[in-house]
Amino acid sequence: MAGESTLPVEHYPDDCRVINYFIHDASAADELIYYCDRNMVVDSISYSISAAGAASSTAVLKAVAPGTAPTAANVAAGTAVSSAIALDATGVVSGTIVTTENQLLAGTHLGIDYTGTVSALRGVITIRIRSRLK
């Protein structure tokens, strides 16, 4: 059976995605979690923590600009898309989106910038993003 030609991303229908990223690593390194292949808007971020990090440990959703290498150092230096979330207690915590920074251009990488000691942290991060502007 013959295949089908690929469809350029600008011809896709609107995207509305919920990204679940599981925190299961004992590493405190900043991590990439998503690549924007088209312009996107971040609407919400929540953390469900089952094993807390140390006191004063936090996480921030950051954007690495298009054309910038998606390294851990560039995630740390990226633009904050959310407020810092305290990771020192279990439960569900919602972050505040920085509405002046939540529109992401195609080519942007999203990552999590950790601070403090998070080596025992376990949980899931849920991010809701969309391509259609209001």
Asker: Under the 4.5 Å side-chain heavy-atom rule for ILVMFWY, direct or indirect, which residues accompany Leu133?
Answerer: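 Grouped by the 4.5 Å side-chain rule, Val41 form the rest of the cluster around Leu133.
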Asker: Could you state whether Met40 and Val81 fall into the same hydrophobic cluster, counting links through intermediate Ile, Leu, Val, Met, Phe, Trp or Tyr residues with side-chain heavy atoms under 4.5 angstrom apart?
Answerer: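 They do share one cluster, since a chain of ILVMFWY contacts under 4.5 Å joins Met40 to Val81.
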Asker: Can you give me the closest heavy-atom contact between Ala80 and Glu101, atom names plus distance?
Answerer: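 Closest approach of Ala80 to Glu101: O-CB, 3.5 Å.
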Asker: Got a second to check how far Thr68's OG1 is from Asn74's CG, nearest 0.5 Å?
Answerer: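 Here the rounded value is 6.0 Å.
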Asker: Do Val98 and Val75 land in one hydrophobic cluster if side-chain heavy atoms of ILVMFWY residues count as linked below 4.5 Å?
Answerer: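 Cluster IDs for Val98 and Val75 differ.
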Asker: Can you name the closest pair of heavy atoms from Ala76 and Lys62 and give their distance?
Answerer: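 Minimum heavy-atom separation between Ala76 and Lys62: O-NZ, 2.7 Å.
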Asker: Scan the side chains in residues 48-57 for donor-acceptor partners under 3.5 Å anywhere in the protein, sequence neighbours excluded, and list what turns up.
Answerer:
| from | atom 1 | to | atom 2 | distance (Å) |
| --- | --- | --- | --- | --- |
| Ser50 | OG | Arg122 | O | 3.4 |
| Ser57 | OG | Ala54 | O | 2.6 |

Asker: For atom CZ of Arg132, is the number of surrounding heavy atoms from other residues, nucleotides or ligands below 6.0 Å larger than 12?
Answerer: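 Count not over threshold, so no.
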Asker: Report the distance from atom CG of Asn39 to atom CD of Gln103, rounding to the nearest 0.5 Å.
Answerer: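 Here the interatomic distance stands at 8.0 Å.
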Asker: Using the rule that two of Ile, Leu, Val, Met, Phe, Trp, Tyr join whenever any of their side-chain heavy atoms come within less than 4.5 Å, decide whether Ile85 and Tyr21 are in one cluster.
Answerer: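 Per the 4.5 Å side-chain linkage, Ile85 and Tyr21 are co-clustered.
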Asker: Got a second to check how far Ile112's CD1 is from Ile127's CD1, nearest 0.5 Å?
Answerer: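 CD1 of Ile127 is found 5.0 Å from CD1 of Ile112.
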Asker: Just jot down the side chain to side chain contact (heavy atoms under 4.5 Å, CB included) partners of Thr96, sequence neighbours excluded, or say none.
Answerer: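 If we apply the side chain to side chain contact (heavy atoms under 4.5 Å, CB included) test to Thr96, skipping adjacent residues, the hits are Ser83.
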Asker: Using side-chain heavy atoms (C-beta onward) and a distance below 4.5 Å, is Leu61 in contact with Ile33?
Answerer: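 Result yes, sub-4.5 Å side-chain heavy-atom pair found.
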Asker: Just so I know, are the side chains of Asp43 and Ile97 near enough to count as touching, which here means a heavy-atom distance under 4.5 Å?
Answerer: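 No. Closest side-chain heavy atoms not under 4.5 Å.
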Asker: For Pro13 and Arg38, which heavy atoms make the closest approach, and how far apart are they?
Answerer: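 Nearest heavy atoms, Pro13 then Arg38: O-NH1, 2.9 Å.
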Asker: Only one of Leu32, Val64, Leu104 clears side chain to side chain contact (heavy atoms under 4.5 Å, CB included) with Leu110; which?
Answerer: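 That would be Leu104; it is the only one of Leu32, Val64, Leu104 passing the side chain to side chain contact (heavy atoms under 4.5 Å, CB included) with Leu110.
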Asker: Quick one: do Ile125 and Ile19 end up in the same hydrophobic cluster if we chain Ile, Leu, Val, Met, Phe, Trp and Tyr together by side-chain heavy atoms under 4.5 Å apart?
Answerer: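 Yes, because Ile125 and Ile19 connect within a single hydrophobic cluster, where side-chain heavy atoms sit under 4.5 Å apart.
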Asker: Could you check whether any side-chain heavy atom of Tyr114 comes within less than 4.5 Å of a side-chain heavy atom of Ile23, counting everything from C-beta outward?
Answerer: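 Answer yes - side chains close enough.
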Asker: How far does CZ of Arg128 sit from CZ of Arg17, to the nearest 0.5 angstrom?
Answerer: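 Going from CZ on Arg128 over to CZ on Arg17, the span is 15.0 Å.
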Asker: Roughly how far, to the nearest 0.5 Å, is OG1 of Thr58 from CG of Asp113?
Answerer: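 With rounding to 0.5 Å, CG (Asp113) is 7.0 Å from OG1 (Thr58).
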Asker: Can you find a side-chain donor-acceptor pair between Thr126 and Ser46 that sits under 3.5 Å?
Answerer: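 Side chains of Thr126 and Ser46: no pair found under 3.5 Å.
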Asker: Look up atom CD1 in Ile129 and atom CG in Asp15, then write down how far apart they are to the nearest 0.5 Å.
Answerer: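 Answer for the CD1-CG pair, Ile129 versus Asp15, is 7.0 Å.
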